[in-house]
Novice: 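Starting off with a structure, shown below.
These values consider heavy atoms only, across backbone and side chains, with no hydrogens, waters or symmetry-generated copies.
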Amino acid sequence: MKKTINIRAMSTADLPTIKQIIAENQLFPAHYLDEMSHGYFSQQTPEYWLVAECKQGEVVGVAYSAPEQMTAGTWNLLMIAVAKSHQGQGVGSQLMFATETKLRSMQTRILLVETSSLPAYELTRRFYPKLGYQKIATVPDYYDKGDDKVIFWKSLNR
């Protein structure tokens with residue numbers, strides 16, 4: 001079932017809820033979010049953060065992308081997370097669509113996504129091809145021994 005959600009730019013008021021979503025999904029220690037988002041809030045870096053909210057402003061997802069250094073029009077999706085209670089309902093797809101739409105308006109050519117090869121990330125690895133991403137590379141033992149980096153690519157010029 002696809003949920004009706006609102007996608008908007010992240011605010012500092014969203015950080016506590018986003019930390020809960022990150023912790024729930026076991027992406028990384030949630031306190032890292034403060035440092036990760038500092039450049040965005042201080043407007044020192046050209047990052048792009050979106051949140052998905054439903055009901056009365058309940059934040060249920062987040063997407064974070066940034067330009068790849070020393071490239072012309074290549075960006076990376078560095079994080080996407082949806083509250084467990086809202087997974088499988090189209091929230092992640094809507095966050096990706098909104099991210100791609102914004103990046104296209106900024107003349108972005110390519111969006112890269114990376115994820116882990118571990119079995120826990122199987123659903124994630126199946127998600128991106130459904131949205132038109134191609135698996136283009138695997139970097140062996142990138143995150144840890146036996147935990148490869150899997151890279152997906154999509155042209156935003158189409």
Novice: Just by distance, no angles: are the side chains of Ser11 and Asp14 close enough, under 3.5 Å, to form a donor-acceptor pair?
Specialist: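 Yes - a donor-acceptor pair under 3.5 Å links their side chains.
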Novice: Just verifying a value: how many Å separate Leu15 CG and Asp34 CG, rounded to the nearest 0.5 Å?
Specialist: 6.5 Å
Novice: Quick check on the hydrophobic clustering: are Ile7 and Leu111 connected, directly or via other members, by side-chain heavy-atom contacts under 4.5 Å?
Specialist: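 The answer is yes; both residues are in one hydrophobic cluster.
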Novice: Is it the case that one hydrophobic cluster holds both Val82 and Leu131, taking links as side-chain heavy atoms less than 4.5 Å apart, direct or via other members?
Specialist: yes
Novice: Please answer whether the main-chain N or O of Pro119 pairs with a side-chain N or O of Arg125 as donor and acceptor at a distance below 3.5 Å.
Specialist: no
Novice: Should we say atom OH of Tyr143 is surrounded by more than 12 heavy atoms from elsewhere, each under 6.0 Å from it?
Specialist: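 Check passes, neighbour count above 12.
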Novice: If I take atom CH2 from residue Trp49 and atom CE from residue Met79, how far apart are they, to the nearest 0.5 angstrom?
Specialist: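 Trp49 CH2 to Met79 CE: 4.0 Å, rounded to 0.5 Å.
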Novice: Using modelled atom types and a 3.5 Å cut-off, is there a donor and acceptor pairing between side-chain atoms of Arg109 and backbone atoms of Asn157?
Specialist: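 Side chain of Arg109 to backbone of Asn157, a donor-acceptor pair under 3.5 Å: no, none is there.
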Novice: Enumerate donor-acceptor pairs with a distance under 3.5 Å from any side-chain N or O in residues 57-70 to protein atoms, sequence neighbours excluded.
Specialist:
| unit_1 | atom_1 | unit_2 | atom_2 | d |
| --- | --- | --- | --- | --- |
| Tyr64 | OH | Glu47 | OE2 | 3.3 |
| Glu68 | OE1 | Asn76 | ND2 | 2.2 |

Novice: Could you tell me whether Glu24 and Lys84 have a side-chain N and a carboxylate O separated by less than 4.0 Å?
Specialist: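 Salt bridge: no.
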Novice: Tyr40: what forms a side-chain hydrogen bond (donor to acceptor under 3.5 Å, both in side chains) with it, not counting sequence neighbours?
Specialist: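 Here no residue qualifies.
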Novice: How close do Pro16 and Ala13 get, counting heavy atoms only, and between which atoms?
Specialist: CD-O, 3.4 Å
Novice: Might you point out which heavy atoms bring Ala83 and Ile21 nearest each other, and give the distance in Å?
Specialist: N-CG2, 3.8 Å
Novice: Taking all non-hydrogen atoms of both residues into account, name the closest pair between Leu95 and Ala81 and its distance.
Specialist: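 Closest pair (atom of Leu95, atom of Ala81, distance): CD1-O, 4.4 Å.
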Novice: Could you state the interatomic distance from NZ (Lys154) to OG1 (Thr108), rounded to the nearest 0.5 Å?
Specialist: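 Lys154 NZ to Thr108 OG1: 13.0 Å, rounded to 0.5 Å.
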Novice: Distance-only, no hydrogens or angles: does the Lys102 side chain make a donor-acceptor pair with backbone N or O of Leu50 under 3.5 Å?
Specialist: no
Novice: Kindly compute the distance separating CG (Asp141) from CG (Asp148), expressed to the nearest 0.5 Å.
Specialist: 6.0 Å
Novice: Which heavy atom of Ala30 sits nearest a heavy atom of Ile22, and at what distance?
Specialist: CA-CG2, 4.2 Å
Novice: Going by ring pair (Phe, Tyr, Trp, His ring centres under 6.0 Å), name the pairs with one or both residues in residues 5-37, residues two or more places apart or in two chains.
Specialist: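 Sorted result for residues 5-37: empty, none.
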Novice: Heavy-atom distance under 4.5 Å between the side chains of Met96 and Ser93, does that happen here?
Specialist: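 They are not in side-chain contact.
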Novice: Assigning hydrophobic clusters by single linkage (Ile, Leu, Val, Met, Phe, Trp, Tyr; side-chain heavy-atom cutoff under 4.5 Å), is Phe97 placed with Val113?
Specialist: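 Phe97 and Val113: separate clusters.
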Novice: Taking the six-membered ring for Trp and the full ring for Phe, Tyr or His, determine whether the centres of Phe152 and Tyr133 are under 6.0 Å apart.
Specialist: no
Novice: Verify the cluster assignment for Tyr142 and Trp153: are they in a single hydrophobic cluster under the rule of side-chain heavy atoms below 4.5 Å apart?
Specialist: yes
Novice: Quick check for you: to the nearest 0.5 Å, what is the distance between Ile151 atom CD1 and Tyr128 atom OH?
Specialist: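 Ile151 atom CD1 to Tyr128 atom OH measures 13.0 Å (nearest 0.5 Å).
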Novice: Judged by atom type as modelled, is there a donor-acceptor pair below 3.5 Å linking the side chain of Asp147 to the main-chain atoms of Ser116?
Specialist: no
Novice: Testing the basics here: between Cys54 and Ile5, what is the closest heavy-atom pair and its distance to 0.1 Å?
Specialist: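 Closest approach of Cys54 to Ile5: CB-CG2, 4.0 Å.
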Novice: If I take atom CG from residue Leu156 and atom CG from residue Leu103, how far apart are they, to the nearest 0.5 angstrom?
Specialist: 6.5 Å
